[in-house]
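Throughout, protein chains are lettered first and strands after them, A, B, ... in sequence-line order, and every chain is numbered starting at 1. These figures come from a predicted structure and were not determined experimentally. Note that these values count all heavy atoms, side chains included, but never hydrogens, waters or copies made by symmetry.
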Number of protein chains: 2
Amino acid sequence: MGELKEDLCLDCGLPAALESMGERWSFLILRAAFNGLHHFEEFQSTLGIARNILANRLGRLVDHGILAREPMPDDRRKIEYRLTEKGAALLPAMLALRQWGEVWETGMPSTPVLVDTRDEQPIRKVSILSHDGRELQLGDMCWKHTHEIKPLEMPRLQAVA
Amino acid sequence: MGELKEDLCLDCGLPAALESMGERWSFLILRAAFNGLHHFEEFQSTLGIARNILANRLGRLVDHGILAREPMPDDRRKIEYRLTEKGAALLPAMLALRQWGEVWETGMPSTPVLVDTRDEQPIRKVSILSHDGRELQLGDMCWKHTHEIKPLEMPRLQAVA
DNA sequence: TGAGTAGGTAGTGATTCGCAACTTAAAAAA
DNA sequence: TTTTTTAAGTTGCGAATCACTACCTACTCA
C-alpha cells in the first residue's frame with residue numbers, strides 16, 4: 001500500500017489498525033477466534049480459506065500480538081491460537097461492523113448473538129456516546145484538534161484542599 | 001475471495017459488511033469522507049492513493065450505497081461524493097477501529113478528535129454495553145442462538161389492561 | 001479559441017490470491 | 001518397531017489485484 005501523507009498517517013489510529021486488520025480474511029479469522037475456534041484445521045474447514053493464506057494470516061496476527069500461538073502440552077503437534085488482550089480489544093470494532101452489516105446488508109440479525117452472561121440478554125447496539133452518556137449521531141459532533149479542547153469543569157467539591 | 005461455509009456466511013453481518021469494506025483503502029477513503037472531503041482530487045492528494053484505484057473504490061462505495069455521487073450544479077465537472085445514511089452508519093465501526101489503533105498500535109490519541117458539538121467534549125470510547133447499560137468485557141458475555149433468548153421480563157405496570 | 005481543471009482510463013510490471021500437491025513432525029495403530 | 005494418520009504448515013503455478021505513470025475527455029474560464 002502506498003504511503004499516506006504525514007498528517008493523516010502519523011496521528012490517526014486507523015491506518016495503524018489497518019496495518020494488522022486491513023486484509024479481508026483477518027476479520028473473519030478473528031471472528032472465528034471470538035467464536036471459540038483455536039486450531040488451524042478448525043479455521044480452515046470452517047472458513048474455507050486457502051491453507052497458505054490462512055498460515056500467512058495467522059502468522060501475521062501472531063506477529064502483531066493479536067493472537068498467541070502455543071503448542072498444546074498433551075499433543076505437541078497441536079497449536080492453539082488464542083486471543084491476546086490486544087486481540088480481545090478488537091471486539092467492539094468487530095461487533096460494530098457486524099451490526100452494520102446486519103442492518104444495511106443482510107437485513108437480519110446474525111446468529112449466534114452475544115449475550116450478557118448475567119441475564120442472557122443480548123447486548124446493546126454499539127454506538128457513539130457523549131462524555132455524559134447521550135447517544136450521538138454524526139450531525140451532533142464535529143472535529144477538533146486536541147489543543148482546542150478545554151478540560152471539563154467539574155463540580156468543585158473536594159477540589160481546593 | 002473463497003466462499004464461506006453456509007452457516008458462517010448467511011447468518012452473520014460481518015462477511016456482508018466486508019463485501020463493501022474489506023479492501024484496504026475503503027476505510028481510509030471513508031475516514032476522509034467523514035473528515036469532510038468530497039472530491040476526487042481531494043481524496044487523491046490527501047491519501048496519496050493511485051488514481052485508478054481511487055476511481056475503482058469510489059465507484060464501488062457508490063455501488064454499495066455508502067457514498068452518493070452528484071455533479072455540482074455550479075460546475076458540472078465537479079463531482080461531489082457525500083456520505084449516505086448507510087455510509088454515516090459506519091462511524092461507530094470506524095471509530096472503534098481507530099480507537100483500537102490508538103491504544104494498541106500508535107500509543108497516542110489521534111488528531112483531530114470527534115467532540116460533542118454541544119459542549120465540545122470528546123466522545124467516550126466505543127464499547128460494548130449490556131441492555132441496561134453496564135460496560136461488558138469479553139469474559140462477561142457468551143454466545144447464544146436467537147431462539148434460546150428469553151424475552152426480558154418487564155416490570156408489569158401497564159401490562160394487563 | 002486556447003489554457004486550465006476535475007475526474008477519470010489505459011498500459012505495464014510487481015504483488016497478492018486461491019488452489020492443489022507436497023512436507024514435516026508428532027501421535028496412534030499394528 | 002514399523003506403518004499409518006493427523007496437525008500444521010510450505011511450495012509451485014496461474015489468475016486476479018495493485019500501484020505507478022501517462023494519457024484522455026468534458027467542462028469552465030479568460
Between R51(A) and dT23(C), is there a side-chain N or O to OP1/OP2 distance below 4.0 Å? no
To the closest 0.5 Å, what do you measure between CG (L97(A)) and CE (M21(A))? 9.5 Å
Evaluate the ring planes of Y81(B) and F43(B), with Trp represented by its six-membered ring, and classify them as parallel (under 30°), tilted (30 to 60°) or perpendicular (over 60°). perpendicular
Does a nitrogen or oxygen in the side chain of R69(A) sit under 4.0 Å from OP1 or OP2 of dG9(D)? yes
Proximity to DNA chain C (any heavy atom under 4.0 Å), residues of residues 52-67 of chain B only: N52(B)
Both E23(A) and H38(B) contact DNA chain C. Taking the nearest nucleotide for each, which residue is further toward the 5' end? H38(B)
Can you find a pair of side-chain heavy atoms, one from I149(A) and one from P122(B), that are under 4.5 Å apart? yes
At under 4.0 Å between heavy atoms, what does F43(A) touch on the DNA or RNA strands: base, sugar-phosphate, or nothing? nothing
Please round to the nearest 0.5 Å and tell me the distance separating atom OG of S45(B) and atom CG of L37(B). 7.5 Å
If I take atom CD in residue E41(A) and atom P in nucleotide dA25(C), what distance separates them, rounded to the nearest angstrom? 17 Å
With the side chain counted from C-beta on, respond yes when I128(B) and Q137(B) share a heavy-atom pair under 4.5 Å apart, and no when they do not. no
Working note: N35(B) + R31(B), criterion side-chain contact (heavy atoms from CB on, under 4.5 Å); need CA distance, chi angles, decisive distance, verdict. CA-CA 6 Å; N35(B) 274 311; R31(B) 174 170 79 103; 3.6 Å; yes
Between W25(B) and dA19(D), is there a contact of a side-chain N or O with OP1 or OP2 at under 4.0 Å? yes
F40(A) atom CZ is separated from dA25(C) atom C1', nearest whole Å, by 15 Å
Just so I know, are the side chains of I123(B) and L129(A) near enough to count as touching, which here means a heavy-atom distance under 4.5 Å? no
Starting from C1' on dT24(C), measure out to CD1 on I79(A) and report it in whole angstrom. 12 Å
From CZ of R77(A) over to C1' of dA8(D), roughly how many Å is that when rounded to an integer? 10 Å
Any Y81(A) side-chain nitrogen or oxygen under 4.0 Å from OP1 or OP2 of dA7(D): no
Determine the contact category for R76(A): base if any of its heavy atoms lies under 4.0 Å from a base atom, sugar-phosphate if only primed atoms, P, OP1 or OP2 are that close, otherwise nothing. sugar-phosphate
